[in-house]
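When a ligand or atom number is given, it counts from 1 through the structure's own listing order. Please read these numbers as outputs of a predicted model, since none were measured by experiment.
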Amino acid sequence: MDDVREIIILGAGCAGWTAAIYTARANLNPLLFTGDELGGQLALTTEVENYPGFPEGILGPELTGRFEKQARRFGTEVKIERVTGVDFSGRPLRIITRKGEYAAKSVIICTGSAPRKLDVPGETELWGKGVTACATCDGAFFREQEIAVVGGGDTAAEEATFLTRFASKVYLVHRRDRLRASDIMAKRVMDNAKIEPVWNSVVTECLGDRESGLTGLRLKNVENGEASELPVTGFFLAIGHVPNTQIFDGQVELDQGGYVVTDSRQRTNVPGVFAAGDVQDHVWQQAVTAAGTGCAAALAAEKFLDELAGEAYPGAR
Ligand code: NDP
């Protein structure tokens, strides 16, 4: 049993790093696999204004950098390896990566979510050639150009506002006639002279080819069915996220949307397997709620390991 870890954490976003901080401080010697999305969704965001403790705001990547530093300080072992499969059918729990296989008594799934795609013609072909889902990464490529953002939530509002730093004009294409975004973010959009909302419209095609890049979008007005073209060279998707749970299908219970099902203590249906952050939360999806559930999962895992060792806390239920 020497090579069986007490705990393995999958994912390096707010939830994963928080779980690592707590389990490292509990002397559980956690091993954390970062996967490909180091820093999670927060690493793709710009200014974070609502994480408590940062009254002036903080850049997303800087915040996750601080989480990582704190987790490493208490001895978290970090491996930059993509997990390709898991086997939770027996004991110990098994984690398979491209480089090898690892065993653990408990696992916390914090693999987060990835930006949802539209699934329209031209989207995949022009990905990285004008079509993207990351304003922070790609915004600067579109200086003085006309671009479009699709979506009506906080992400769309935030990205559209951020992109006005570079673009000469930002069209905000939304399938309804009002934004879902919070009032403060929606007001910023409506007050920004560089943003032009395109209401009641959906994108039906991304135009262009890989050589010349994106040249425009084909739109359809959902009210009257009219088609039109928007001549833009950049297109940013901000239509929500899908959970990164493909490798857990058949291993833990997932809901209809593919999110990991957890109880109020972050437990999945497999004893010793917990989940935290966006991978199990399709409602709040906030940095602070991800960190909160990461903490809860870590404490629940700690309790599970104590019970496994026959040393449950006195009075624990
Ligand atoms: P949301 O799910 O909130 O919004 C997705 C938007 O995309 C909706 O307006 C939706 O339209 C639209 N949409 C979904 N699918 C399609 C489609 N196929 N075609 C066209 N439009 C589509 O996702 P977000 O990423 O914006 O936000 C996720 C969570 O993260 C939220 O809780 C949000 O508050 C939070 N967040 C907070 C931020 C902050 O506070 N700084 C920043 C960014 C996100 P419809 O409205 O019609 O459903």
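- The aromatic rings of F162 and F166 lie perpendicular to each other, with more than 60° between the two planes, well past the 30° mark.
- Counting only heavy atoms of the protein, atom 36 (N) of ligand 1 lies nearest to D154 CB, 3.6 Å.
- Using 4.0 Å as the threshold, E49 has no heavy atom nearer than that to any atom of ligand 1.
- Residue-level proximity to ligand 1 for R175 is carried by the side chain, the only part with a heavy atom below 4.0 angstrom.
- Scanning the protein for heavy atoms near atom 35 (C) of ligand 1, the closest one is Q286 NE2, 3.1 Å.
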Please step through side-chain contact (heavy atoms from CB on, under 4.5 Å) for the pair V273 and Q251, ending with a clear verdict. CA-CA 10 Å; V273 180; Q251 297 289 333; over 6 Å; no
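- Counted within 6.0 Å of CG on D183, heavy atoms from surrounding residues, nucleotides or ligands total 12 or fewer; the atom is thus considered open.
- Residue-level proximity to ligand 1 for V203 is absent, since no heavy atom of it falls below 4.0 angstrom.
- Within the 3.5 Å criterion, the main-chain N or O of S182 finds a donor-acceptor partner in the side chain of D154.
- Residue, atom and distance of the protein heavy atom nearest to atom 39 (C) of ligand 1 are N50 ND2, 3.7 Å.
- Of the possible polar contacts, one joining the E123 side chain to the L118 backbone as a donor-acceptor pair under 3.5 Å is found.
- In this pair, H174 and W199 present their aromatic rings perpendicular. The plane angle is above 60°, beyond the 30 to 60° band.
- At a 3.5 angstrom cut-off on N or O pairs, G152 counts as close to ligand 1.
- Open room surrounds CG on D119; 12 or fewer heavy atoms of other groups in view lie less than 6.0 Å from it.
- Atoms of ligand 1 lying under 4.0 Å from any heavy atom of H241, numbered from 1 in the order shown and given with element: 25 (O).
- Atom 30 (O) of ligand 1 has as its closest protein heavy atom Q285 O, 3.5 Å.
- When only interatomic distances are considered, the shortest N/O to N/O separation between R116 and ligand 1 does not fall below 3.5 Å.
- Within the listing of ligand 1, atoms 4 (O), 6 (C), 9 (O), 26 (O) sit less than 4.0 angstrom from a heavy atom of G153.
- Of all protein heavy atoms, the one lying nearest to atom 32 (O) of ligand 1 is W284 O, 3.1 Å.
- Close contacts between ligand 1 and R176 involve ligand atoms 45 (P), 46 (O), 47 (O) [criterion: under 4.0 Å to a heavy atom].
- Surrounding NZ of K187 are at most 12 heavy atoms belonging to other residues, nucleotides or ligands under 6.0 Å away.
- Nearest non-hydrogen protein atom to atom 1 (P) of ligand 1 is R180 CD, 4.1 Å.
- Counting only heavy atoms of the protein, atom 7 (O) of ligand 1 lies nearest to I239 CA, 3.2 Å.
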| said: Determine whether L214 and W127 satisfy the following criterion, side-chain contact (heavy atoms from CB on, under 4.5 Å), listing intermediate values before the conclusion. | reply: CA-CA 9 Å; L214 181 78; W127 196 262; over 6 Å; no
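- With hydrogens and angles disregarded, a donor-acceptor distance shorter than 3.5 Å links the side chain of T245 to the backbone of G258.
- Distance from atom 24 (P) of ligand 1 to its nearest protein heavy atom, with residue and atom name: T155 OG1, 3.2 Å.
- The closest heavy-atom contact to atom 23 (O) of ligand 1, among the options A287, G240, S201, comes from G240.
- Taking 4.0 Å as the cut-off, L118 counts as a neighbour of ligand 1 on heavy-atom distance.
- In the displayed structure, R73 atom CZ is contacted under 6.0 Å by at most 12 heavy atoms of other residues, nucleotides or ligands.
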